[in-house]
Amino acid sequence: QVQLVESGGGLVQAGGTLRLSCAASGTIVSIVAMAWYRQAPGKQRDLVAIVSSGGNTRYADSVKGRFTISRDNAKNTVVLQMNSLKPEDTAVYYCNAIIQVQPLYEPGNYWGQGTQVTVSS
């Protein structure tokens with residue numbers, strides 16, 4: 001079994017900084033990609049940033065230049081550095097990973113439980 005555990009969420013004023021971390025643990029053969037999604041009340045869950053196993057990154061337009069995603073392959077960890085936070089960044093942030101859990105198994109989609117990020121005006 002695989003667990004994704006997020007940390008780093010909290011309350012911050014506009015313009016502030018938070019760093020989210022997500023660690024994958026359990027039976028892991030390989031991780032194809034790790035990503036952060038967010039979901040505000042009444043809205044769908046949207047991709048914030050993603051990093052592939054090769055280190056390629058992609059960001060939502062709304063966070064480009066402010067957020068940075070990075071991956072520590074040795075620790076099976078993904079970090080989202082969030083700078084210049086805005087009230088519209090307020091959401092529950094979810095860690096996501098595409099993980100192969102056993103040789104010859106197809107990679108599966110795994111989610112963390114989410115961590116609340118609240119940005120006040």
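If you read the sequence from its start, that first residue is 1, and numbering goes on from there.
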- Message: Quick one, Leu20 with Val117, criterion side-chain contact (heavy atoms from CB on, under 4.5 Å). Give me CA distance, side-chain angles, the key distance, then yes/no.
- Response: CA-CA 9 Å; Leu20 305 183; Val117 171; 4.0 Å; yes
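- Within the 3.5 Å criterion, the main-chain N or O of Ser25 finds no donor-acceptor partner in the side chain of Gln3.
- Closest of all the heavy-atom pairs between Ala24 and Ile31 is CB-CD1, 4.1 Å.
- Defined by atom type and a distance below 3.5 Å, a donor-acceptor pair is present between the side-chain atoms of Asn73 and Arg71.
- At a threshold of 4.5 Å between side-chain heavy atoms, the hydrophobic network of Ile, Leu, Val, Met, Phe, Trp and Tyr places Leu4 and Val79 in two separate groups.
- Heavy atoms from other residues, nucleotides or ligands lying under 6.0 Å from CD of Gln116 number more than 12.
- Nearest heavy-atom pair, Lys86 versus Val119, reported as atom, atom and distance to 0.1 Å: O-CB, 3.3 Å.
- Geometrically, Arg38 does not engage Tyr94 in a cation-pi contact defined by less than 6.0 Å to the ring centre and at most 45° from the axis.
- Looking at heavy atoms from C-beta onward, Thr115 lies out of side-chain contact with Ser7 at the 4.5 angstrom threshold.
- When hydrophobic clusters are built by joining Ile, Leu, Val, Met, Phe, Trp and Tyr residues whose side-chain heavy atoms come closer than 4.5 Å, directly or via intermediates, Ile50 is not grouped with Val32.
- Defined by atom type and a distance below 3.5 Å, a donor-acceptor pair is missing between the side-chain atoms of Glu88 and Thr90.
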- For the pair Ser70 and Val78, evaluate side-chain contact (heavy atoms from CB on, under 4.5 Å) and give the outcome as yes or no after the intermediate values. CA-CA 6 Å; Ser70 60; Val78 62; over 6 Å; no
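- Summarising the geometry, atom NZ belonging to Lys64 is positioned 10.0 Å from atom OG1 belonging to Thr57; distances are rounded to the nearest 0.5 Å.
- Residue Ala49 comes nearest to Leu80 through the heavy atom pair CB-CD1, 4.1 Å, listed as atom of the first residue, atom of the second, then distance.
- Here the two rings, on Trp36 and Phe67, have centers that are 6.0 Å apart or farther.
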- Message: Between Trp111 and Arg45, is the side-chain contact (heavy atoms from CB on, under 4.5 Å) condition met? List the steps.
- Response: CA-CA 12 Å; Trp111 293 91; Arg45 187 174 300 183; 3.4 Å; yes
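- The cluster map of Ile, Leu, Val, Met, Phe, Trp and Tyr, joined by side-chain heavy atoms under 4.5 Å apart, puts Ile69 and Ile98 in different clusters.
- Under a hydrophobic-cluster definition in which Ile, Leu, Val, Met, Phe, Trp and Tyr are linked whenever side-chain heavy atoms come within less than 4.5 Å, directly or via other members, Tyr37 and Val2 are assigned to different clusters.
- Between Met34 and Cys95, the shortest heavy-atom contact is CE-SG, 4.4 Å.
- Nearest approach of Ala60 to Leu47, heavy atoms of both residues: CB-O, 3.5 Å.
- In this structure, Tyr93 and Met82 have side chains that are in contact, with non-hydrogen atoms separated by less than 4.5 Å.
- In this structure, Pro87 and Ala14 approach most closely via the heavy-atom pair CD-CB, 4.1 Å.
- Counting only heavy atoms from C-beta outward, the side chains of Asn109 and Asn96 approach each other to under 4.5 Å.
- Note that OH of Tyr105 and OG1 of Thr27 are 10.5 Å apart. Values are rounded to the nearest 0.5 Å.
- In this structure, a donor-acceptor pair under 3.5 Å is present between the side chains of Gln100 and Ser30.
- One finds the OG atom of Ser120 at 5.0 Å from the CG atom of Leu11 (value rounded to the nearest 0.5 Å).
- By the 4.5 Å heavy-atom criterion applied to side chains, Leu18 and Gln81 are not counted as neighbours.
- Few gaps surround CD on Gln39; more than 12 heavy atoms of other groups in view lie less than 6.0 Å from it.
- In this structure, OG1 on Thr118 lies 10.5 Å from CG on Leu85, to the nearest 0.5 angstrom.
- Considering only heavy atoms from C-beta on, Val51 stays 4.5 Å or farther from Asn56 through its side chain.
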